[in-house]
Amino acid sequence: MAKNLVIVESPAKAKTIAGFLGSEYRVESSYGHVRDLPKKDFGVDIEHGFKPTYEISVDKQKIVKSLKTAAKGSTIWLASDGDREGEAIAWHVCKAIGVTPSDAKRIVFHEITKPAITEAVAKPRSIDMKLVEAQQARRVLDRLVGYELSPVLWRKVRTGLSAGRVQSVAVRLIVEREREIKAHEYSSFFKVAAVFSGKPNFPAELSEKIKSDSSAKDWLTKLKGARFKVGKVEQKPGTRSPSAPFTTSTLQQEAGRRLGYSVRQTMIVAQKLYEGGHITYMRTDSTNLSPIAVEAAKKYIKATYGDKYARERHYQTASRGAQEAHEAIRPTHMDRLKAGMDHGQSKLYELIWKRAVASQMAPALVQKTEVEIDISGAHDVFVATGEVLDFDGYQRVWGGGKEDRILPELKEGQELKLVSASALETYSRPPARYSEPALVRKLEELGIGRPSTYAPTIGTIQDREYVEKKDVEGENKEIKEFTLEKSKLAEKTSQVAVGSDQNKLVPTGLAEIVTDFLVKYFADIVDYDFTAKAEDELDEIADGKLTWERMLDKFYTKFHPLVTKSASASREEVSQAKKLGKDPKTGLPVIARFGRYGPVLQLGKAAKDKDDRETEAPRFAPLPEGTTLDDITLKDALPMFELPRVIGKTKDGEEISADIGRYGPYVKVGKLFVSIKDHDPFKVTEAEAVKLIDAKKKAISEKVIADFGKLQVLNGPYGPYISDGKRNARIPKEKDPKKITEAEAKKLLDEAPARKSRWQGRKKTNSS
DNA sequence: CAGTGAGCGAGCTTCCGCTTGACTT
């Protein structure tokens, strides 16, 4: 048995380190946190100094057991990350495996190299309990917020909902952005552009934007007779510098933009590259590169592109609350241009490699030329710009250098000839909807959430149905374009969609209601600065200037009364019930509100309590197609309560009724439902219904092609198939479904591909 | 994708941060 046990957080790291330390050292991984507050109980004793109860997480029982065995008779070295969570992991590991924390040696290394590790091992310290306490304060705070707020939502809005310090702010950002977009008033202006003759011909734009179509037209008329002369010519050099190497957030942004990856996809692919030993750790907020990496980059750049392309750079980490436990994301070997097992991995690796190498390269040098062109009889000028790349620098690797825009030689006072001109109507743009990476970027900017939680948070707010990732159709607008060519003025109108969007995060009605409720009753919690302020206090705890009990007490004495107060909010208020008017038949009020299952119409009031026998139970109905809670009127709503509607009887005297269900309109006889997609449930006649019902009955009778007891050959909406009740299998085209034997059917079912597991699919449960 | 049509009860749900699991011979 080895005399020393080194415990790190990740198994990939363990493997590497084991190679650097001798046989005296055994290196194992804790796989992150091993203990946590219980999932089911509150786990915090508020009465007694917020004392937390910890238990070994279910998925870590085995790991803890094996660490315990390995620890026997060994010196324990705790080598978790050098941040708040890492310190807490070290402490929790001790507690979990029965080692007195003060007996263990705590080490931290900032890069995984032999010298760095040897140095760390030579200078161990003990666990920093102040830092551990700061982590516990963070953990308890999140539990208090999450487990007191969520149940309020279960009672007021919908069962199973959730709220928390991070997710509720993420949802709020999206809700508020959508409202800004809705409030945006489109205005249009005209961009006037011209092409002048020269070698080569070149474009220029009018310095002023034109507001109305009549003045746009006037302008072109004026240009028709005008003379043009070169005015001020300005030339100045410019530089462009590379960006810092990737952090989790910037990698997600760039992979989203360039490769179209979702945040989750990016992380899965990066994890594989990390496990393969191709890149450094992918969950980081640091832009720092180790001296070894900087050196390797320099060597590679000089050898490949020449000395003048190399430029050593050190980047400051910009994000608030960064903990800098790791390096930036970079290739483990700076001179390895390609890595990865498949196309997806190769593309992401290439991106990481380029960004890291480019970050150590010289800036690109450009020459910018700006030329003003005077118009006779006008105040405004045309402006032509040219740009020539003198030295590509980092763009040699990273790319991104636009093509040169070359202007002909132009001298002040020189006369110019107009080739053509145009005035194109353009609409002002509303604020941009968040894409997944853009939301991550915003959260990071606000210091909310950590690199390891960005992807899961985005998943959670979608799972809870607060947010949908989707395409949004824009508004159709008419645009005018005037052109002047060969002295002929022409006018054209066309349609364009403005404000359309693809793959963006859009809030649901549920998100709006929950956000409005939280903002009204828990303004401080969903405040964009809440986390930043909490972080300041956590730092004070780590510095020994504040105790964690005191911090939590201060927070809770303010927070808990808000929870109590929110109980008085009525469901109707929270669900933003809208009174539409009174039903003329019954005199009962008709309201539209957000119900447990989405938007709903309600006729009559809910009983005050369970024993209230005076009040008749209210009736519910869905909103008619095409209406929303915002625009529904009493007139639209009333017919919905006419359903279900009795429309007649079958030959056997059974009643036929029509209604609208989850999947559209249907007619019903006894227990048989028949979809009536093309008919209006308010108008469908008895004769039409009977016809549809007979057709459905016939289809059902023809459904079973062959019956082998357990196995059946059935006729489905997508053609014949085999089913055993659980699994289904399609039948090959060349086979006659009527002639299939039981053995053949069984074989086909066994060979049927397993249900397609969708790569992007998330589990509805919170297991990931 | 294999075909659906709730709303009661009881008992359940939930947070944020670390990390990667996997049934056997």
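Letters A, B, ... mirror the listed sequences (proteins, then strands); counts begin at 1. The model shown is predicted, which means the values in this text are computed figures rather than measured ones.
Rounded to an integer number of Å, the gap from CZ of A:Phe522 to P of B:dC15 is 16 Å. Atom OH of A:Tyr54 and atom P of B:dC18 are 14 Å apart (whole Å). For the pair A:Tyr466 OH and B:dT14 P, the computed distance is 11 Å after rounding to whole Å. Atom CD1 of A:Ile89 and atom C1' of B:dG17 are 8 Å apart (whole Å).
DNA chain B is contacted by both A:Ser57 and A:Gly160; A:Gly160 maps to the nucleotide lying nearer its 5′ end (nearest heavy atom per residue). Of the two residues near DNA chain B, A:Lys13 and A:Arg165, the one whose nearest nucleotide lies more 5' is A:Arg165.
Not counting sequence neighbours, A:Tyr31 has no partner by the side chain to side chain donor-acceptor pair (under 3.5 Å) test. Residues that satisfy the side chain to side chain donor-acceptor pair (under 3.5 Å) test with A:Glu148, not counting sequence neighbours, are A:Tyr556, A:His560.
Proximity note for A:Asp36 (side chain, C-beta onward) versus B:dT19, B:dC18, B:dG17: the nearest is B:dG17. Nearest to the side chain of A:Gln167, among B:dT20, B:dT13, B:dC16, sits B:dC16. Out of B:dG17, B:dC15, B:dT19, the shortest distance to the side chain of A:Arg139 is found at B:dC15.
Here B:dC18 is in the anti range [glycosidic angle more than 90° from 0].
On a pure distance criterion of 3.5 Å, a polar donor-acceptor pair joins the side chain of A:Arg138 and the base of B:dC16. A donor N or O paired with an acceptor N or O is found under 3.5 Å between the base of B:dT13 and the side-chain atoms of A:Thr159.
Under 3.5 Å, the side chains of A:Gln345 and A:His278 contain no donor-acceptor pair of N or O atoms.
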Worksheet item: Are A:Lys39 and A:Glu55 close enough, and set up right, to give a salt bridge (Lys or Arg N to Asp or Glu O under 4.0 Å), and what steps lead you there?
Response: CA-CA 9 Å; A:Lys39 233 175 118 57; A:Glu55 59 184 39; over 6 Å; no
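Remark: A:Lys40 is not in phosphate contact with B:dT14, judged by side-chain N or O atoms under 4.0 Å from OP1 or OP2. The shortest distance between the side-chain N/O atoms of A:Arg283 and the OP1/OP2 oxygens of B:dT20 is below 4.0 Å. Contact check, A:Ser162 against B:dC15: a side-chain N or O comes under 4.0 Å of OP1 or OP2. Put simply, A:Tyr281 has a side-chain N or O that comes within less than 4.0 Å of OP1 or OP2 on B:dT19. At B:dC18, none of the side-chain N or O atoms of A:Ser30 fall inside 4.0 Å of OP1 or OP2 (strictly under the cut-off). A sub-4.0 Å separation between OP1 or OP2 of B:dC16 and a side-chain N or O of A:Thr453 is absent. In this model, the phosphate group of B:dT14 is approached by a side-chain N or O of A:Arg464 to a distance below 4.0 Å at OP1 or OP2.
Heavy atoms of A:Gly86 sit nowhere under 4.0 angstrom from any nucleic acid atom. Looking at heavy-atom distances under 4.0 Å, A:Ala88 makes no contact with the nucleic acid at all. Residue-level contact check: A:Gln271 touches the backbone only, with heavy atoms under 4.0 Å from sugar-phosphate atoms and none from bases. Residue-level contact check: A:Gly32 touches the bases, meaning some heavy atom is under 4.0 Å from a base atom. A:Phe620 comes within 4.0 angstrom of nothing in the nucleic acid, heavy atoms only.
Taking the six-membered ring where tryptophan is involved, the planes of A:Phe559 and A:Phe555 are essentially parallel, since the angle between them stays under 30° and well short of 60°. The aromatic rings of A:Tyr54 and A:Trp91 sit perpendicular to each other, their planes meeting at more than 60°, with 30° as the lower class boundary.
Contact check of residues 141-154 of chain A against DNA chain B (heavy atom, cut-off under 4.0 Å) returns A:Asp142, A:Arg143, A:Gly146, A:Tyr147, A:Ser150, A:Pro151, A:Trp154.
Looking at A:Ser29, its side chain does come within 3.5 Å of a backbone N or O of A:Glu9 through a donor-acceptor pair.
Annotation: cation-pi geometry not satisfied between A:Arg464 and A:Tyr466 (NZ/CZ under 6.0 angstrom from ring centroid, within 45° of ring axis).
Residues A:Arg138 and A:Glu535 are not paired through a salt bridge, judged by the lack of any N-O separation under 4.0 Å between the basic side chain and the carboxylate.
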